Structure formats: C-alpha cells, structure tokens
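Model, not experiment: these values are computed from the prediction.
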Amino acid sequence: MQDTQKPSAPSTADLQREVAELLIECLNLEVTVDQIAPDAPLYGDGLGLDSIDVLEVALVVSKRYGLQLRDDSEDNKHTFSSLRNLCDYIAAKRTR
C-alpha cells in the first residue's frame, strides 16, 4: 500500500521564522529574525516597510509559496499588517 499523505506543513513558528528570513533577505533588512515580532506592524512604526517594500515581499512570497497575490485585493491591508497575518495567509493559501 502506498503512503499518500502529503508532507507535513511547517509549524506556525517554523513558518514565521522562514517568512521573517525571507523578509530580511529580499529587503536587505538590518535586523535579525528574533527582532521581528509576529504581531508588530510591518508598515510604519513596526518594521518600517513602505508600499514598494510590500510589493517586493508580495512578489517573493508569490514565487516561493505558489500564491496568487493581487494588488487590488481588499484583504492586502490585513494580510500585510503583521508577520503573523502574512503567515496565516500563506498557510491557508499555499500550494507548495
């Protein structure tokens, strides 16, 4: 009998760490993974991202996880409001 189970998805903490590393790498941020709090805002006072940064993150996340992120989606403000929300979105929608 063949094992037809899908590989297990990373835990929430593992996904948050992975996405934080992706943010740091794609935006050349001078912070460590541990300095990105899961619920801190990604925009403005939190991580300090601007709209161009978010666009870059959206492109990298789309490629990495096989997601369709649309710039006209009303959910984007919520999705990109924090690392936790971005990871929740990825976990719910990922194809890879």
Side-chain angles (χ1 to χ4, degrees):
M1 187 181 275
Q2 289 183 341
D3 184 7
T4 58
Q5 290 182 332
K6 291 182 181 179
S8 62
S11 72
T12 300
D14 290 342
L15 182 59
Q16 285 178 2
R17 183 168 201 78
E18 184 178 296
V19 174
E21 288 170 353
L22 198 62
L23 290 170
I24 292 167
E25 182 180 325
C26 84
L27 299 174
N28 296 315
L29 299 176
E30 295 183 10
V31 297
T32 66
V33 170
D34 296 328
Q35 291 174 307
I36 302 176
D39 294 313
L42 295 179
Y43 286 106
D45 293 337
L47 198 53
L49 304 186
D50 61 22
S51 59
I52 300 298
D53 294 331
V54 171
L55 178 59
E56 287 185 53
V57 170
L59 290 172
V60 170
V61 165
S62 293
K63 284 183 183 179
R64 174 77 180 257
Y65 298 104
L67 302 177
Q68 290 284 337
L69 290 165
R70 298 179 48 102
D71 63 350
D72 61 349
S73 174
E74 293 180 12
D75 294 331
N76 285 346
K77 187 170 184 170
H78 175 73
T79 300
F80 290 95
S81 65
S82 69
L83 177 62
R84 183 181 313 276
N85 289 345
L86 180 56
C87 291
D88 288 348
Y89 181 86
I90 291 168
K93 305 286 185 180
R94 75 189 303 174
T95 60
R96 299 180 203 169

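For the 3.5 Å distance criterion, the side chains of Asn85 and Ser81 qualify, holding a donor opposite an acceptor.
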Exercise. Test side-chain hydrogen bond (donor to acceptor under 3.5 Å, both in side chains) on Asp14 and Ser11 and set out the steps.
Key: CA-CA 5 Å; Asp14 290 342; Ser11 72; 3.3 Å; yes
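Here Leu22 contributes atom CG and Arg17 contributes atom CZ; the two are 13.5 Å apart, rounded to the nearest 0.5 Å.
Inter-residue side-chain proximity for Tyr89 and Val61 is flagged as unmet; no heavy-atom pair is nearer than 4.5 Å. Looking only at side-chain heavy atoms (C-beta outward), Tyr43 and Asp53 stay at 4.5 Å or farther from each other. The closest side-chain heavy-atom distance from Leu42 to Val54 is not below 4.5 Å. Between Ile24 and Ile36, the closest side-chain pair of non-hydrogen atoms falls below 4.5 Å.
Nearest heavy atoms, Ser62 versus Leu69: OG-CD1, 3.5 Å. Here the closest heavy-atom approach between residue Ala37 and residue Leu83 is recorded as O-CB, 4.3 Å. In terms of heavy atoms, Cys26 sits closest to Glu56 at O-OE1, 3.6 Å.
A single hydrophobic cluster is not seen to contain both Leu59 and Phe80; linkage of ILVMFWY side chains at heavy-atom distances under 4.5 Å, directly or through other members, places them apart. Cluster annotation: Leu29 and Leu55 are assigned to distinct hydrophobic clusters (Ile/Leu/Val/Met/Phe/Trp/Tyr, side-chain heavy-atom contacts under 4.5 Å, transitive). Under the 4.5 Å side-chain heavy-atom criterion for Ile, Leu, Val, Met, Phe, Trp and Tyr, Leu86 and Val33 are members of the same hydrophobic cluster.
A side-chain contact (heavy atoms from CB on, under 4.5 Å) with Cys87 is found for one member of Leu15, Thr12, Thr79 and no other, namely Leu15. Tested against Tyr65 for a side-chain hydrogen bond (donor to acceptor under 3.5 Å, both in side chains), the candidates Lys93, Glu18, Arg94 yield a single pass: Glu18.
Under the salt bridge (charged side-chain N to carboxylate O under 4.0 Å, His left out) criterion, Asp39 pairs with Arg84, not counting sequence neighbours. Residues satisfying the salt bridge (charged side-chain N to carboxylate O under 4.0 Å, His left out) test with Asp50, not counting sequence neighbours, are none.
With hydrogens and angles disregarded, a donor-acceptor distance shorter than 3.5 Å links the side chain of Gln35 to the backbone of Thr32.
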